[in-house]
Number of protein chains: 2
Amino acid sequence: MIHRLHFQIDERSGVPVYRQMMDQVKYYVAGGTLRQGDQLPSIRELASALTVNPTTVVKAYTELERDGVIEMRHGKGAFVSGRAKAITREEQEVALRRSAKQLAVEATQLQVTPPRVITVVREELNAVNPSPSADETPVKFTVVPGR
Amino acid sequence: MIHRLHFQIDERSGVPVYRQMMDQVKYYVAGGTLRQGDQLPSIRELASALTVNPTTVVKAYTELERDGVIEMRHGKGAFVSGRAKAITREEQEVALRRSAKQLAVEATQLQVTPPRVITVVREELNAVNPSPSADETPVKFTVVPGR
DNA sequence: CTGTCTGTATGATAACACCCAAACAGGGAA
DNA sequence: TTCCCTGTTTGGGTGTTATCATACAGACAG
């Protein structure tokens, strides 16, 4: 079975790329998709998949290690840290609401009707469509770039 | 009656200050608190209230003007734009999808169930959508800083 | 050992974000 | 007119973000 991670980088958002990557790794850990011991995409793999410079990925991974989310092992790869606890449930809720609020504001600015917004959100949720997994063994993930 | 705008700037977020200000103005406009013709805080007033440099506010206002949200009039002030910027259906669709996809990816990373996402989006749409008001007189707003 | 994967580390370059100070110019009221 | 509000513009400074190219070093299979 192939596991995929969806990474979405929005250059127009003004948010630094390395920080967007950090957030998304944290979200995967918080959501349970990435579990203790799982191997993250290598620096070069992630960099080429997202067409960013490896240095940028290094920065993201280094900061994530400083935050205790991941561990990097020379010559082996980057792995989800044991003592992760990257994000609290409350922070997850805040993150979701912030993103939803942003969508709501933008849609209102664009004068899109609420039903239309709901429809599009449903479509995009289906498009992302995660693969359900109850596997307990540490796995390696590939990247699905989103730009 | 005194009208107040609450501005909150988070320096640790990594999001550029001028962009945080832009988002909040957009939110007020989308939500109907700021209406066509309303006068925004002056550049210097907003800058001193938030203890940021006036140049930063200039950048935010300039970008907002480029987005068609506000208009700046030399010697008079900054006002909420009358005419919504002309945008094609296609541009509207692209912008909406981009924002929706961002939310979908993030929700998936957090392993939030699609129904839950829809619920939150509905709530945020309701929170943004203004109750139609009969008051048409333009007003001036002051700033209450949040730091 | 060799090849190839992995992370680690530089220095140079460019663009952006933010601050600071100062000056210029329009609008409107005393 | 003068005064004080307003936006406009310029030049200089610092730190961050991100790119590119290059090199070094650990892990491991063949």
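We use all heavy atoms of the structure for the numbers below, so side chains are in, but hydrogens, waters and symmetry mates are not. Treat the numbers as computed from the prediction; the structure is a model and nothing was measured. Every chain is numbered from 1, with letters handed out A, B, ... down the list of sequences.
Residue contacts for B:Arg73: at a heavy-atom cut-off of 4.0 Å it reaches the sugar-phosphate backbone alone, with no base atom in range. Residue-level contact check: B:Tyr18 touches the backbone only, with heavy atoms under 4.0 Å from sugar-phosphate atoms and none from bases. Base contact: B:Thr55 has a heavy atom under 4.0 Å from a base atom.
Between A:Thr56 and the phosphate of D:dT19, there is a side-chain N or O to OP1/OP2 separation shorter than 4.0 Å. In this model, the phosphate group of C:dC18 is not approached by any side-chain N or O of B:Asn53 to a distance below 4.0 Å at OP1 or OP2.
Each of A:Ala78 and A:Gly14 was matched to the nucleotide of DNA chain C holding its nearest heavy atom; the match closer to the 5' end belongs to A:Ala78. Each of A:Val15 and A:Gly75 was matched to the nucleotide of DNA chain D holding its nearest heavy atom; the match closer to the 5' end belongs to A:Val15. Of the two residues contacting DNA chain D, namely B:Gly77 and A:Lys59, the nearest-nucleotide position lying further toward the 5' end is that of B:Gly77.
Per the geometry, CZ belonging to A:Phe79 stands 12 Å off C1' belonging to C:dC5, to the nearest Å. Put simply, CD on A:Glu71 is 19 Å from P on C:dT6, counting in whole angstrom units. Going from atom CE of B:Met21 over to atom C1' of C:dC19 covers 13 Å, rounded to whole Å. Per the geometry, CD belonging to B:Glu65 stands 11 Å off C1' belonging to D:dT8, to the nearest Å. For the pair B:Leu50 CG and C:dC18 P, the interatomic distance rounds to 13 Å; values are reported in whole Å. Whole-Å rounding puts the A:Ile43 CD1 to D:dG26 P distance at 16 Å. Taking atom CD on A:Glu63 and atom P on C:dT8, their separation rounds to 13 Å, with Å as the unit. The nearest whole Å value for the distance from the CD1 atom in A:Ile70 to the C1' atom in C:dT6 is 13 Å.
Linking Ile, Leu, Val, Met, Phe, Trp and Tyr whenever their side-chain heavy atoms come within less than 4.5 Å leaves B:Leu50 and B:Val15 in two separate clusters.
Nearest to the side chain of A:Lys76, among D:dT8, D:dA27, C:dC18, sits D:dA27. Ranking C:dC18, D:dT8, C:dC20 by closeness to the B:Arg44 side chain, first place goes to D:dT8. Of the candidates D:dT9, D:dT19, C:dG7, D:dT19 carries the atom nearest the A:Val52 side chain, counting heavy atoms from C-beta on.
Within the 4.5 Å cutoff, the side chain of A:Thr62 has heavy atoms near those of the A:Met72 side chain.
Separation of atoms CG (A:Leu46) and OG1 (A:Thr56) is listed at 10.0 Å; rounding is to 0.5 Å. Expressed to the nearest 0.5 Å, how far CD of A:Gln39 lies from NZ of A:Lys76 amounts to 9.0 Å. To the nearest 0.5 angstrom, A:Tyr27 atom OH is 14.5 Å from A:Leu34 atom CG.
For B:His74 and C:dG26, a side-chain-to-base donor-acceptor distance below 3.5 Å is absent, hydrogens and geometry of angles not being considered.
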